[in-house]
Amino acid sequence: MSEPIRFHFDVDGDNFSSAGEASVQVKRMLRQIGIPAEVIRRVSVAMYEGEINMVIHADGGNADVVVEPGKIIIILADRGPGIADIELAMTEGYSTAPENVRSLGFGAGMGLPNMKRYTDDMKIESVVGEGTTVTMTVLF
Amino acid sequence: MKISEIKELLSADVLCGEEMLEEDFCSAFGSDMMSDVLAFVNDQAVLLTGLCNLQVVRTANMMDMRCIVFVRAKKPTDDIVELAKESGIAVLATDKTMYVSCGILYSNGLRNEAVNN
């Protein structure tokens, strides 16, 4: 593979029940191009948590996945409220998600820690009032 | 443990995946919190949960799990079952609670350790 392969998705912020559809599609496409199963799982779980975050906190956004030789980069960009204290947001168990999100199986303060756990590198750029971009890299 | 045995032990209904009844799994995970499933599952093939929405199926799909058991008499809607079918995941539903379901399966040999699912 010489040229990077790119996937782009608009993540719909209006509908929680559709959250995760992009990650399911990425998983399928990575399988089709022969990426190892363990790598696919790491990429798709990290992206799935990110997608859920975008729907819960930011009314959706854009997801881009770039497949290069030996690495996969996931870029999740939203125009949500931003993250004031990134270190605090990274703390396992810390969550600002509303109570109703918990009854949906998320909002336990595990999203960002899970994203970090499953990727080799994670960078969060956020401006309060403007939005957040999370860039994750999985090496293989 | 085969899905057919899970069905018997939990007096469960099979909502989809009848063709998978003889598939054999050796470990399971139980949680209502999908983020915990995403954090802690490591090749467990069976998910027991009392949460009943589309995210359960997507979460199981992400973790390459093969069978979802809805506990506490939760009735998954048609779109949940349909998505599971598309994802190649068997769906069972039991009236038993999470604690009882996990206890029965565990004591009959379906453990938590991921071995070779």
Side-chain angles (χ1 to χ4, degrees), chain A residues 11-12 15-31 35-53 55-56 74 90-95 97 99-119 138, chain B residues 16 25 27 29-66 68-89 91 93 98 114-117:
Chain A
V11 176
D12 179 4
N15 186 359
F16 182 82
S17 65
S18 69
E21 280 179 353
S23 305
V24 171
Q25 283 187 50
V26 163
K27 181 165 187 152
R28 192 180 305 132
M29 291 189 281
L30 293 180
R31 202 180 279 150
I35 303 293
E38 190 50 39
V39 175
I40 295 177
R41 185 188 293 184
R42 292 171 61 207
V43 167
S44 52
V45 170
M47 180 171 166
Y48 182 53
E49 286 279 21
E51 228 189 309
I52 298 276
N53 272 351
V55 174
I56 293 173
I74 309 149
M90 287 299 303
T91 310
E92 277 196 18
Y94 177 82
S95 176
E99 191 56 40
N100 69 320
V101 169
R102 258 159 257 214
S103 65
L104 297 168
F106 292 90
M110 296 295 286
L112 287 173
N114 272 352
M115 288 155 71
K116 190 174 172 64
R117 178 180 290 135
Y118 282 103
T119 55
V138 173
Chain B
C16 74
F25 304 121
S27 65
F29 188 86
S31 181
D32 288 357
M33 187 52 79
M34 293 302 107
S35 283
D36 280 350
V37 177
L38 293 167
F40 298 116
V41 164
N42 176 25
D43 283 337
Q44 288 88 352
V46 180
L47 173 64
L48 292 96
T49 186
L51 184 73
C52 198
N53 62 27
L54 285 167
Q55 303 308 332
V56 173
V57 180
R58 291 204 187 97
T59 301
N61 184 356
M62 289 299 142
M63 304 313 287
D64 303 309
M65 302 178 95
R66 304 300 312 278
I68 299 169
V69 181
F70 288 101
V71 300
R72 296 197 295 272
K74 292 288 185 301
K75 295 278 173 270
T77 50
D78 290 347
D79 53 345
I80 295 176
V81 176
E82 201 48 48
L83 185 64
K85 227 183 263 181
E86 280 171 29
S87 312
I89 296 171
V91 174
M98 176 74 100
V115 187
N116 56 358
N117 284 316

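Just so we're clear, the structure is a prediction, and the values are computed from it rather than from any experiment. Within every chain, numbering begins at 1; the chains are lettered A, B, ... in the order of the sequence lines, protein sequences first and strands thereafter.
Contacts of residues 30-37 of chain B with chain A at a heavy-atom distance below 4.5 Å involve B:Asp32, B:Met33, B:Met34, B:Ser35, B:Asp36, listed in sequence order. Residues of residues 111-119 of chain A having a heavy atom under 4.5 Å from any heavy atom of chain B, listed by number: A:Asn114, A:Arg117, A:Tyr118.
If you measure heavy-atom distances from B:Val41 to chain A, the contacts under 4.5 Å come from the backbone alone. When heavy atoms are compared at a cutoff of 4.5 Å, A:Ile52 approaches chain B solely by way of its side chain, counted from C-beta outward. Both the backbone and the side chain of B:Thr59 come within less than 4.5 Å of a heavy atom of chain A. In this structure, chain B has no heavy atom under 4.5 Å from any part of A:Arg28. Both the backbone and the side chain of B:Leu38 come within less than 4.5 Å of a heavy atom of chain A. Of the two parts of A:Tyr48, only the side chain, counted from C-beta on, holds a non-hydrogen atom closer than 4.5 Å to a non-hydrogen atom of chain B.
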Quiz: residues 73-85 of chain B side-chain donor-acceptor pairs under 3.5 angstrom, not counting sequence neighbours:
residue	atom	partner	partner atom	Å
B:Thr77	OG1	B:Asp79	OD1	2.4

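The shortest distance between side-chain heavy atoms of B:Gln44 and B:Asn42 falls below 4.5 Å. At a threshold of 4.5 Å between non-hydrogen side-chain atoms, the residues B:Thr49 and B:Val69 do not count as touching. Proximity of B:Met63 to B:Phe29: side-chain heavy atoms (C-beta onward) are nowhere separated by under 4.5 Å.
A distance-only check finds a donor-acceptor pair linking the side chain of B:Asn53 to the backbone of A:Leu104 [under 3.5 Å]. Side-chain atoms of B:Ser87 do not come within 3.5 Å of backbone N or O of B:Ile89 as any donor-acceptor pair.
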Intermediate values then yes/no, side chain to side chain contact (heavy atoms under 4.5 Å, CB included), A:Arg102 and A:Ser95: CA-CA 10 Å; A:Arg102 258 159 257 214; A:Ser95 176; 3.9 Å; yes

Step-by-step side chain to side chain contact (heavy atoms under 4.5 Å, CB included) determination, A:Val39 to A:Val138: CA-CA 7 Å; A:Val39 175; A:Val138 173; 4.0 Å; yes

Test log, rule side chain to side chain contact (heavy atoms under 4.5 Å, CB included), inputs B:Met98 and B:Arg72: CA-CA 7 Å; B:Met98 176 74 100; B:Arg72 296 197 295 272; 4.0 Å; yes

Derivation of the side chain to side chain contact (heavy atoms under 4.5 Å, CB included) call for A:Glu51 and A:Ile74: CA-CA 11 Å; A:Glu51 228 189 309; A:Ile74 309 149; over 6 Å; no

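In this structure, B:Phe25 and B:Val46 approach most closely via the heavy-atom pair CD1-CG2, 3.8 Å. Heavy-atom minimum distance, B:Asp64 versus A:Arg41: OD2-NE, 3.1 Å.
Take A:Glu21 and apply the side-chain contact (heavy atoms from CB on, under 4.5 Å) test, not counting sequence neighbours, and it matches A:Ser18, B:Arg58.
Interface remark: of the candidates A:Ser103, A:Ser17, A:Ala37, A:Ser17 forms the most heavy-atom pairs closer than 4.5 Å to chain B.
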